[in-house]
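Following: one structure in structure tokens, then a few remarks.
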Amino acid sequence: MIERFLPRIDFDSYEDFKENYRVDYPDNFNFGYDVVDAWAVESPEKPALVWVNDADEEKRYTFADVKRWSDKAANMFSSLGIKKGDTVLLMLKQRPEVWFSMIGLHKVGAIVIPSTFQLTAKDIAYRCHAANIKMICAADDPDIVKAVNAAKPTCDPALITSILGSDIPDGWRSMRADLDAASEDWTRPTGDQATTARDGMLIYFSSGTTGMPKMILHDFTYPLGHIVTAHYWQHVEDGGLHLVMADSGWAKFGWSKIYGQWVCGAVIVAYDTEKFTPLHLLKTMSRLRITTFCAPPTVYRFLIQEDLSKYDFSSIKHAETAGEPLNPEVYERFLEATGLPITEGFGQSETSVILANFEWFPVKPGSTGKPSPLYNIDLIDENGDSCEDGIVGTIVVKNTDKAHPTGLFREYHKDPDAMAKSWPEGTYSTGDMAWRDEDGYFWFVGRNDDVIKCSGYRIGPFEVESALLTHPAVVECAITAVPDPVRGQVVKATVVLAKGWTASDELKKELQDHVKKVTAPYKYPRVVDFVDELPKTTSGKIRRMDIRNSDLKQKEKRPTSVSVRLKKGEQQTA
């Protein structure tokens, strides 16, 4: 399948890859027809999806199954009035129906809005108004029903709500009944209902750490941007099982659990669990004999706390991470326990993988690797000038006005101010900061808002977090700034302790001294807070903004004191 879109697949070196990689596609490219249905015709019994849950139940689907169910989904949505350009919000967790629904909506030409099941009523109402949502499809979860019902009075009265469960609330449709009743015969639309490669296909809502979430609009070429993600970074294999820790509401789902992976013929594992449990994940990986594995650093941090020698990793050929920078200590401990190096990649909801550790050069633990061939990447300073090696700058994608990179979003939908700020004159600014070494490797520093300015120094949170994680007491940590009347800002560490360790003033001092030895002494955390868990987004990223806001509310003024324990934030779920 991959050869249909790449005139050349194999490359002799990274320089050859960067210079000569090309993607070809027809003007009417549609992932539903040109990948899923093409596999179903070419190899109908080819495995496509394995669904597993907490009880170790399994369901397996071929590409012929996915075609049949996505055709039924297309007929279901069409019969309910959904047409090209309409928006449908999915809160389906990792039920198999999320794949069927997404492909079915692609076939219709509607715009899919993948969403986490943890949205509140306020979140749902905001999305309904911003995106003019026509329909919400939900998993069988009473919390989802409660949130949607609370939002509905403020939404369009014509909003359709559909649920997968057998217990159908008042005012809701039975998605299962509608799918079962829908015809398996679907004909690709023509005329004004036919899709083109540049039509809108999918919207992600940004995490909204500053201001209200923005709508990130991708067109139908977006899946092809993830060929680099799947084939050249994750190394998925035709017929190999690919397990990724990502709920269907995350952008990481689009990165790793549907598009590039199915172009490459990989078998996607739908790991549909209610709560992340390291031991269950390890047992599932061993039992299924997975081939490739990808998870945020948060997951790896908890895995290395277990006795990994008890589990069989012999089937796994590649392990990857993205979502947050990978600390070198985590890399080394996982490598020692499993023999698997973790190859890091970097990107955003707005992109496919931008930077990654590709096969043609050795991994430098802690580095995000080198640029994808899809993007003209540079680092720029506050004046917009390119940074020299070793100088921290903002990661940008240049020359997008000359050729729009496959995989890069089309626009912040209905938000000209955000476009003007982030994408002026053909240069898209990611808002993330990094530096480049003399070998061309990029080293992530943090979001613009996360960089700490202390007594004239610019301190990236990642480098302090990495130093702390080399201490055996630390499982996870987040570095933020707190105001200081003399220094402007000082470094604060919010720390989750490993098993067997207890918070104390003595341990606080020990951690401070440890950082002074591992990295430049001025970077040490003058404030240390011990917590049970860190606040996270639903994609597993640490919400440093929540920590900063909590500090402001508590009016913390003394940087030498131990701060009050934070309330528990969102914990990673799978």
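Counting from 1, the numbers follow the sequence of the chain as shown.
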Sidechain N-carboxylate O distance under 4.0 Å for Arg95, Asp140: yes

Validation row, ring centre Phe346 to ring centre Trp443 under 6.0 Å: no

Donor-acceptor pair between Thr229 and Tyr259 side chains, under 3.5 angstrom: no

Side-chain ion pair, Lys398 and Asp378, N-O less than 4.0 Å: yes

Phe334 and Tyr300 aromatic centres sub-6.0 Å: yes

His514 and His471 aromatic ring geometry - parallel, tilted or perpendicular at 30°/60° bounds: perpendicular

Ion pair Asp439/Lys370, N-O distance below 4.0 Å: no

Centroid-centroid under 6.0 Å between Phe409 and Trp423 rings: yes

Lys/Arg N to Asp/Glu carboxylate O, Asp247 vs Lys93, below 4.0 Å: no

Sub-6.0 Å ring centroid separation between Trp233 and His226: no

Side-chain (Asn357) to main-chain (Gly345) donor-acceptor, under 3.5 angstrom: no

Donor-acceptor under 3.5 Å (Glu344 side chain, Leu326 main chain): yes

Pairing of Lys499 and Glu306 as salt bridge, 4.0 angstrom limit: yes

